[in-house]
Number of protein chains: 2
Amino acid sequence: MTERKREILAASQNVLKEKGYAATSVRDIAKALSMEPASLYSHFKSKEDILKITCFDMADKLEIGIAEVNDIYFNAEEKLRTAINLHVKVLTQNLNSAMIFIRDWRNLTGKSLDQFILKRNAYEAGFREIVQTGINEGIFNETDKKFAALTILSSVNWIVEWYKEDGSLSSEQIATKLSDFILSGLKKDTV
Amino acid sequence: MTERKREILAASQNVLKEKGYAATSVRDIAKALSMEPASLYSHFKSKEDILKITCFDMADKLEIGIAEVNDIYFNAEEKLRTAINLHVKVLTQNLNSAMIFIRDWRNLTGKSLDQFILKRNAYEAGFREIVQTGINEGIFNETDKKFAALTILSSVNWIVEWYKEDGSLSSEQIATKLSDFILSGLKKDTV
DNA sequence: ATATTTGCCTAACGAACGTTAGTTTGTGAG
DNA sequence: CTCACAAACTAACGTTCGTTAGGCAAATAT
């Protein structure tokens, strides 16, 4: 990927995140780049190509994280905290892509869509595995694994809706708060 | 709203939930109803009208719930459990609308969009108020209120992505599980 | 029996869509 | 100086989009 292509990709994502993939036209993207719509096709072979690259790029970034975490040994709590931390970092450091990745992947078609869903399921399975580890170790409640993994991911993914780079919370702080919340809940320990 | 209009609305929502508002054409909706695109305009004055009705209808349903909960006195935990229960019920009992409401509200324009955002903020404030009550009562952790409310809502809203009416979990069971999760977290009590 | 309304139709509008073909322009290498 | 290549351009393609105008038939009200 050339420098220029990366540049155009970034600008495209900046436009796509605003109104969503389906509601954004190729002409919208071109306008943001002060170029003609047709010129985009020197770099990308279709509008969906931009979506595909964005989604799979994010999926890869996340996949690498969870694989690392599950390979290196930690206890389950450490594992989960690390996984959440990495996830939050990837999202907040790629906020535009993250929003497109989470919200617009449904607009993929054909084989791309199938492949994406496979990747997504694999990632979810990684989280389920961590939960299972915790249950085995006897430190997590015997909760429905799938349910827990989905609930964790949903609360983590939603940050793209409200996170602002100039906000009061850093990526690290968010990850810590979220981990605390997920692990210990809202209720005070009555110890 | 006439019987027929309600019927067409429901069918429209069933189509819209699949590919999303922006990616669904008026012709798609008409096809699902075995009628001509133009005929829809006997009932709705625009495509966005359908979105608007759907979003505000859901917002109203949720608003009614949270107002009730906050009026009647409960302790904070009861309050939160009831609010979550109502929220989950509204979502699962209107699954198509719920998905559109959560995912596609951004496609509203002008005054509708502004009004919707106001409603949404008010609803979030309702949840924040419950969290505040719990902090005042000394039973919730002194966590960032806005953060907690957003995290709660995100995990609750995400159920529209995976809830199936014929699934193994009833709406009640989901609400209970979610409430437990949110209140007590994943970690076992070390009491 | 007649008038009104409801619900859908056919036909078509102008605008916007994603994309292609073919061409020009600028830049760096031989 | 020329050649090669990348990156942009102009112009336009066929398609689909949301929507409107106007009419027709059946149901409902008078």
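Below, read A as the first sequence line, B as the second, and so on, with proteins coming before strands; counting in each chain starts at 1. As the structure is a computational prediction, the values presented were derived from the model and not from experiment.
Between the CG atom of B:L40 and the P atom of D:dT20 there is a distance of 13 Å, rounded to whole Å. Taking atom NZ of residue B:K45 and atom P of nucleotide D:dG18, one finds them 16 Å apart after rounding to whole Å. Rounded to whole Å, atom C1' of D:dA7 lies 8 Å from atom CE of A:M35. Protein atom NZ of B:K5 is 16 Å distant from nucleotide atom C1' of C:dC8, rounded to whole Å. When rounded to the nearest whole Å, the span between CG of A:D49 and P of C:dT20 equals 12 Å. Residue A:E36 contributes atom CD, which lies 18 Å from atom P of C:dT23 at whole-angstrom precision. Computed from coordinates, the B:F44 CZ to D:dG18 C1' distance equals 16 Å when rounded to whole Å. Between A:E3 atom CD and D:dA8 atom P the separation is 12 Å, expressed in whole Å.
Distances were taken from every side-chain heavy atom of A:K47 (C-beta onward) to each of C:dT19, D:dA8, D:dT19; the shortest belongs to C:dT19. The nucleotide whose nearest atom lies closest to any side-chain atom of A:Y41 is, among C:dG18, D:dA7, D:dC9, C:dG18. If you check C:dG18, C:dT10, D:dA8 against the side chain of A:R27, the one that comes closest is C:dG18.
A side chain to side chain donor-acceptor pair (under 3.5 Å) with B:Y123 holds for exactly one of B:R128, B:E63, B:H87; it is B:H87.
Within the structure, a side-chain polar atom (N or O) of B:S39 is placed less than 4.0 Å from OP1 or OP2 of C:dC9. For B:H43, no side-chain nitrogen or oxygen approaches OP1 or OP2 of C:dT6 to under 4.0 Å.
Note on A:D180 versus A:R81: salt bridge recorded, some NZ/NE/NH1/NH2 to OD/OE distance being below 4.0 Å. Under a 4.0 Å N-O distance rule, the pair B:D60/B:K119 qualifies as a salt bridge.
Across all strands shown, B:R4 has heavy atoms under 4.0 Å from sugar-phosphate atoms exclusively, and none from any base. Residue contacts for A:S25: at a heavy-atom cut-off of 4.0 Å it reaches the sugar-phosphate backbone alone, with no base atom in range.
At least one test fails for A:K187 against the ring of B:F140: distance under 6.0 Å to the centre or angle within 45° of the axis.
Classification of the B:W105-B:F116 ring pair by plane angle, with boundaries at 30° and 60°, yields parallel.
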